[in-house]
Amino acid sequence: MTDQPTLDVRNLRVEFPGRHGTVTALDDVSLSVLPGEILGVVGESGAGKSMTGLAVQRLLEPPGHIAGGQVWLNGRRIDSLSEPEMEKIRGREIGAIFQDPLTSLNPLFSVGRQLVETIRLHGDLSRTAAKARAVELLAEVGIPAPADRIEHYPHQFSGGMRQRVVIALALAARPKLVIADEPTTALDVSIQAQITALLRKLCKEHGTAVMLVTHDMGVIAETADRVAVMYAGRLVEIGPVAEVVARPCHPYTRGLMGSIPTLGARVPRLAQIDGAMPRLDAIPQGCAFNPRCPLVQDRCLRERPELRPMGAGHAACWIDAAATEKAA
């Protein structure tokens with residue numbers, strides 16, 4: 001991997017204006033993904049994970065818009081591009097994998113036709129050459145007998161195989177960045193493991209940068225190189241996945257880790273985080289997590305913490321990491 005990030009998100013802010021005021025969905029989010037790296041983005045529903053991926057691709061539903069910050073792809077700023085310019089980047093430079101493969105595949109067309117059309121859209125290839133490339137892609141993502149299966153329709157594939165086809169579509173133009181939004185949620189555990197192993201393999205062989213959005217810390221621990229933890233549209237912790245999993249610094253991250261069942265662990269019940277994620281139009285003053293934090297202090301109620309070096313990464317917390325660990 002090089003020091004030049006494939007994706008560099010700087011102080012990203014996303015707003016949704018409405019009749020009763022403006023809702024801030026993302027607030028000062030900064031993260032980067034290096035070539036060949038998998039960055040996991042994790043948090044509860046409503047934390048801003050998927051919103052970050054959509055904002056990078058400029059796929060926000062109106063009236064949502066990027067209200068501040070910058071998005072850089074391979075050293076080029078893309079958040080200020082026109083829509084026609086952005087359309088040339090989606091698919092060609094940024095691939096996307098979504099949660100339900102059936103929403104990404106047209107049931108009326110064979111997977112081969114969909115792959116060939118995608119390949120030809122983003123590259124100057126004849127139909128014959130594009131079909132040969134499509135067969136190669138199916139083989140690369142682990143579809144058996146790809147020359148035969150290329151003529152099959154989505155309903156003739158299992159859920160795991162359909163997701164492999166979606167990954168092939170995302171890789172059709174050899175993008176440098178792939179945004180995978182909950183790519184394993186609809187799959188059983190064994191297929192999840194196969195898909196995450198495939199993502200790791202593609203990163204290492206092709207130098208593809210992957211932004212993996214999920215609520216599953218187990219998937220993050222098995223797949224990602226680094227992890228970014230989000231809460232209420234803000235980034236609360238980011239660092240190497242092994243360190244964050246073993247020694248989380250932010251109380252919210254510690255709560256997420258405590259709620260994961262561990263084989264062999266003898267505990268009467270799993271830990272839980274009391275309360276719920278605040279509405280985006282009712283985020284409390286200071287630290288957004290303060291109503292649910294077991295270590296809350298007066299300063300947490302007044303001042304918003306910024307990311308600062310803590311442990312092996314960075315965390316947005318006023319409480320020292322040692323105190324957080326001691327209280328766990």
Side-chain angles (χ1 to χ4, degrees), residues 5-33 39-83 85-87 89-90 93-94 96 177 179 181 209 211-215 226-239 250 252-253 277-291 300-310 313-318:
T6 298
L7 174 67
D8 189 9
V9 177
R10 307 174 186 174
N11 309 110
L12 184 63
R13 183 181 180 89
V14 169
E15 295 180 348
F16 284 79
R19 289 181 297 174
H20 303 292
T22 297
V23 172
T24 302
L26 294 179
D27 193 355
D28 197 28
V29 173
S30 296
L31 52 83
S32 62
V33 193
L39 174 71
V41 183
V42 70
E44 296 172 277
S45 296
K49 311 180 303 295
S50 296
M51 186 68 64
T52 303
L54 292 172
V56 168
Q57 301 173 80
R58 290 260 303 276
L59 292 176
L60 298 169
E61 288 287 340
H65 65 281
I66 295 176
Q70 301 176 358
V71 179
W72 293 74
L73 181 68
N74 292 321
R76 177 190 183 192
R77 186 176 176 182
I78 63 172
D79 61 281
S80 57
L81 295 179
S82 67
E83 182 57 26
E85 290 175 314
M86 197 63 201
E87 287 177 356
I89 288 177
R90 298 189 197 106
E93 298 184 47
I94 304 176
L177 171 68
I179 296 177
D181 192 346
M211 179 178 165
L212 175 61
V213 174
T214 180
H215 67 278
R226 290 187 302 126
V227 58
V229 183
M230 297 192 67
Y231 185 82
R234 304 174 179 180
L235 196 61
V236 298
E237 185 165 356
I238 187 167
H250 196 282
Y252 176 63
T253 310
M277 183 88 64
R279 298 196 323 268
L280 293 178
D281 61 352
I283 294 177
Q285 183 180 352
C287 175
F289 187 60
N290 74 63
C300 307
L301 306 177
R302 301 190 310 269
E303 301 177 48
R304 173 178 172 175
E306 302 296 331
L307 284 172
R308 61 188 177 96
M310 193 179 295
H314 292 75
C317 186
W318 292 122

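Index from 1, following the sequence. Remember, it's a predicted structure, so these values are computed and weren't measured experimentally. Atom set for the values below is all heavy atoms of this structure, side chains included, hydrogens, waters and symmetry mates excluded.
- To the nearest 0.5 angstrom, L31 atom CG is 6.5 Å from L7 atom CG.
- W318 places a side-chain N or O within 3.5 Å of a backbone atom of E303 that can act as its donor or acceptor partner.
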Using side chain to side chain contact (heavy atoms under 4.5 Å, CB included), reason through E93 and L73 one step at a time and then give a plain yes or no. CA-CA 9 Å; E93 298 184 47; L73 181 68; 3.7 Å; yes

Quick one, R304 with D28, criterion side chain to side chain contact (heavy atoms under 4.5 Å, CB included). Give me CA distance, side-chain angles, the key distance, then yes/no. CA-CA 12 Å; R304 173 178 172 175; D28 197 28; 3.9 Å; yes

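- The CD atom of Q57 sits 11.0 Å away from atom CD1 of I89, with the distance rounded to the nearest 0.5 Å.
- The salt bridge (charged side-chain N to carboxylate O under 4.0 Å, His left out) pairs that include a residue from residues 7-22 are D8-R10, R13-E15, R13-D27, where partners are two or more places apart or lie in different chains.
- A pairwise comparison of heavy atoms in P278 and Y231 identifies CD-OH, 3.3 Å as the closest pair.
- In plain terms, the two heavy atoms of A47 and M230 that are nearest each other are CB-O, 3.4 Å.
- Every residue two or more places apart in sequence or in another chain that forms a side chain to side chain contact (heavy atoms under 4.5 Å, CB included) with P291 is listed here: P284.
- For E87, there are no salt bridge (Lys or Arg N to Asp or Glu O under 4.0 Å) partners at least two apart in sequence or on another chain.
- Of all non-hydrogen atoms in S30 and N11, the two that sit nearest each other are OG-N, 2.7 Å.
- For the pairing with V14, the side-chain contact (heavy atoms from CB on, under 4.5 Å) check across T24, L26, L54 returns one residue only, L26.
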Decide yes or no on side chain to side chain contact (heavy atoms under 4.5 Å, CB included) for F289 and H250, but give the supporting numbers first. CA-CA 10 Å; F289 187 60; H250 196 282; 4.0 Å; yes

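- Of all the heavy atoms in S50 and D181, the pair that sits closest is OG-OD2, 2.9 Å.
- Residue pairs that meet the side chain to side chain donor-acceptor pair (under 3.5 Å) test with at least one member in residues 58-71, sequence neighbours left out, are Q70-W72.
- Counting only distance, with no hydrogens or angles, the side chain of K49 and the backbone of E44 share a donor-acceptor pair below 3.5 Å.
- Counting all heavy atoms, side chain and backbone alike, H314 lies closest to P309 at CD2-N, 3.4 Å.
- Sorted by first then second residue, the side chain to side chain donor-acceptor pair (under 3.5 Å) pairs that include residues 74-83, not counting sequence neighbours, are R77-D79, S82-E85, E83-R90.
- Of all the heavy atoms in A316 and L235, the pair that sits closest is CB-O, 3.9 Å.
- For the atom pair I179 CD1 and T52 OG1, the distance stands at 9.5 Å (nearest 0.5 Å).
- Considering only residues two or more places apart in sequence or on other chains, Q285 meets the side-chain hydrogen bond (donor to acceptor under 3.5 Å, both in side chains) condition with none of them.
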Decide side chain to side chain contact (heavy atoms under 4.5 Å, CB included) for I94 and I78; before the verdict, give the C-alpha distance in whole Å, the side-chain angles of both, and the deciding distance to 0.1 Å. CA-CA 11 Å; I94 304 176; I78 63 172; 4.2 Å; yes

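- Within the 4.5 Å cutoff, the side chain of T6 has no heavy atoms near those of the V33 side chain.
- No donor-acceptor distance shorter than 3.5 angstrom exists from the side chain of R226 to the backbone of G313, with no hydrogens or angles considered.
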